[in-house]
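First comes the structure, then the notes that go with it.
The first residue in the sequence is number 1, and the count goes up from there. Both backbone and side-chain heavy atoms feed into the values below; hydrogens, waters and symmetry mates do not.
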Amino acid sequence: MTTLKPTSMLLGTTRPAEMRDFYIKALAPEFTGDGAIDLGGFLLVIDGRDDVEEKNAEPGRHIVNFDVEDFDAMEAQLNAAGVQWISIADREKGKFGTFADPDGNYVQIIKWK
């Protein structure tokens, strides 16, 4: 049986330009170009859609996680980008930082122990 490997994610929004700018500033400040944002081989596609609300009413339903080598460095990068932190916590299995994008979707960085 084949196990699928995720390679990309489509993020639907009513404000594609704003969301694209946010994700590039927060997660890929050195990225240039059009189309999908390359996040280390995982592609983030941002699409303008008319079948979604302006804000996500259930942001905890789907959380995108990013493993990081240096939590403090990534936290500083995200702070410079002006992210809205939901929480930063040391847990048994690692350090977790959760923030919201402009549509209210949760994104999480994790430094595993």
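- We find the CD1-CG distance between I109 and L78 to be 5.5 Å, quoted to the nearest 0.5 Å.
- Panel note: side chain R20, backbone A36; no donor-acceptor pair is recorded below 3.5 Å.
- A ring-ring contact (aromatic ring centres under 6.0 Å, His included) with F96 is found for exactly one of Y106, W112, F71, namely W112.
- Taking CG of L11 as the reference point, atom CZ of R49 lies at 10.5 Å (rounded to 0.5 Å).
- Annotation: K93, atom NZ; neighbour count of heavy atoms from other residues, nucleotides and ligands within 6.0 Å does not exceed 12.
- A donor and an acceptor atom, one from each side chain of Q108 and T98, are located under 3.5 Å apart.
- In this structure, the side chains of M19 and D101 come closer than 4.5 Å at one or more pairs of heavy atoms.
- A salt bridge links K95 and D72; the closest N-O separation between the charged side-chain nitrogens and carboxylate oxygens is under 4.0 Å.
- No side-chain N or O of D103 forms a donor-acceptor pair with one of N56 less than 3.5 Å apart.
- For the pair V83/F22, a side-chain contact is recorded, criterion being any heavy-atom separation below 4.5 Å from C-beta on.
- Q77 contributes a side-chain N or O that, together with a main-chain N or O of A26, makes up a donor-acceptor pair within less than 3.5 Å.
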Next on the checklist: Between I88 and E75, is the side-chain contact (heavy atoms from CB on, under 4.5 Å) condition met? List the steps.
Outcome noted: CA-CA 9 Å; I88 296 176; E75 180 182 8; 3.2 Å; yes

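- N79 has its side chain within reach of W85: a pair of non-hydrogen atoms, C-beta onward, lies under 4.5 Å apart.
- Taking a 6.0 Å sphere around CG of D51, one finds it holds more than 12 heavy atoms contributed by other residues, nucleotides or ligands.
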